[in-house]
2 protein chains.
Amino acid sequence: MDENEKNTEEIILDAAKKVFLRRGFDGARMQEIADEAGINKALLHYYFRSKEKLFDAIFITAFSQFLPHVSETLLSDKPFFEKIQIFVEHYVQMLLENPHLPVFILNELSRNPERVVNFFKLAGVSPEVLGKEIQKNVKAGIIRPIDPRSLVVNLISLCAFPFAGKPLIKAALFDNNEELYQQFLIKRKTEVTIFITNALKPEKTL
Amino acid sequence: MDENEKNTEEIILDAAKKVFLRRGFDGARMQEIADEAGINKALLHYYFRSKEKLFDAIFITAFSQFLPHVSETLLSDKPFFEKIQIFVEHYVQMLLENPHLPVFILNELSRNPERVVNFFKLAGVSPEVLGKEIQKNVKAGIIRPIDPRSLVVNLISLCAFPFAGKPLIKAALFDNNEELYQQFLIKRKTEVTIFITNALKPEKTL
DNA sequence: GTCTATATTGTGATAGAC
DNA sequence: GTCTATCACAATATAGAC
């Protein structure tokens, strides 16, 4: 699929996603989106009545992309720690390809929390099922006792924060070396898995 | 110290901090800051020439507040895991009192990474010293081998992300119940410590 | 120092030709 | 569908009275 074969609407959406992710809703300019798309402002309004509507169109896809599909992965019939490993690998890989996603979503949701309600039904997250799965493994002695919600939060925190805090961490711990930081992020696919695995492995019964 | 005893400059700074933390630089309006301070727009420019300058004035304090003083805590002569506990407790407590701080700092640094360079010298972070301290404990067999930078990143991730991602997590896992989520955040002071401790405790040698 | 006006620029949105 | 030109208003910033 060549870039040129895309219709105008798709070109606009691609451009809008780039600009909104870079600048956020308040910082984005319709002019910059038009430039990025190689068209003029008027056409943006022709396709999407307003800036708000255009934003909504890209936000919904960005949001569902960021929303980790924890359930799917953790509900397969593989061993528990293998599922953790698969999830981390997939999620970090997705973030490597969309590094601006975390801070964008976090920021927009923070400034406008009502959005989350509107878009949540579409994602189909089911914490109850997830909780049962985790507690099953706790009872079987495969993992230490832990609040399922804590585990999910820890999982996402360890994966997503290094992307959201990239400028800070890169400067503080990696001498602002982009390449070094990229390597660090890639290494996290295994590091996070190891860290969580160690945290969850039950005490050896002597 | 009564609110009325503060001079105008301090009143403006307090108001600016509130508004900038709520809305971000792009979303903040000078009018809203003036209203919050109970004065008019012109006076803002009298004290701080421009919006940018006013922002810089509040950013530097917000930034150094968010910057975890990992070094100080971890370099005391207490046992390693006790130091972790103290750090987590202090840091999460500070975030409970400034819940908007993480997403604000993350977002502003992401939109304008150069800032981090300007303000970093003032904070006095020294990763090298920190690295030695951690490696000392690794060699002594007190903790598992781990890249010091990974440990620091994990520590901050687990503490700060639940605040940055509050609207998302609250909706996804806590049915949008504010009180429940507040309890969850408070509980993290101990939960994070336990999680990290378990992850770092060396394998029992049989 | 603090205020009321006002200047000036930026930006989302529309009108209308092609 | 796509463009140029323009409107309408919002927001930063300044002038000048008190």
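Reminder, nothing fancy here: chain letters follow the sequence lines and each chain counts from 1. Everything numeric in this text was worked out from a predicted model, so none of it was measured.
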Report which part of the nucleic acid A:I39 touches: base, sugar-phosphate, or nothing (heavy-atom distance under 4.0 Å, all strands). sugar-phosphate
Separation of atom CG in A:D35 from atom P in C:dT11, rounded to whole Å: 12 Å
Could you state the NZ-P distance from A:K51 to D:dC9, rounded to the nearest angstrom? 18 Å
Is the charged tip of A:K166 near the ring of A:Y181: under 6.0 Å from the six-membered ring centre and within 45° of its axis? no
Mark yes or no: B:R115 above the aromatic ring of B:F59, with NZ or CZ under 6.0 Å from the six-membered ring centre and no more than 45 degrees from the axis. yes
Take the protein atom CE of B:M30 and the nucleotide atom P of C:dT2, then report the distance between them rounded to whole Å. 15 Å
Just to be sure I understand the rule, does A:A34 reach a base, reach only the sugar-phosphate, or reach nothing, if contact means heavy atoms closer than 4.0 Å? nothing
Please compare B:G38 and B:K41 by the position of their nearest nucleotide in DNA chain C and report the one closer to 5'. B:G38
Using a cut-off of less than 4.0 Å, is there contact between a side-chain N or O of A:R29 and OP1 or OP2 of C:dG12? yes
B:N40, nearest nucleotide to its side chain (from C:dT4, D:dT2, C:dA13): C:dT4
Between B:R49 (CZ) and D:dA13 (P), how many Å, whole number? 9 Å
Close aromatic pair by centroid cut-off 6.0 Å: B:F20 and B:F104: no
Counting only heavy atoms not in A:E114 (residues, nucleotides, ligands), do more than 12 fall under 6.0 Å from its CD? yes
Rounded to whole Å, please give me the gap between CG in A:L44 and P in D:dC3. 10 Å
For A:H90, I'd like to know if atom NE2 has over 12 heavy atoms of other residues, nucleotides or ligands within 6.0 Å. no
I need the CD-C1' distance between A:E10 and D:dG1, as an integer number of Å. 16 Å
Within this structure, what is the OH-to-C1' distance between B:Y46 and C:dT4, rounded to whole angstrom? 17 Å
Regarding the side chain of B:Y47, the nearest nucleotide among D:dG1, C:dT4, C:dT2 is C:dT2
So does B:T8 get a side-chain nitrogen or oxygen closer than 4.0 Å to the phosphate oxygens (OP1/OP2) of C:dT2? yes
Just the rounded figure in Å: distance from P of D:dA13 to CG of B:L43. 15 Å
Taking only side-chain N and O atoms of B:H45, does any of them lie within less than 4.0 angstrom of OP1 or OP2 on D:dA13? yes
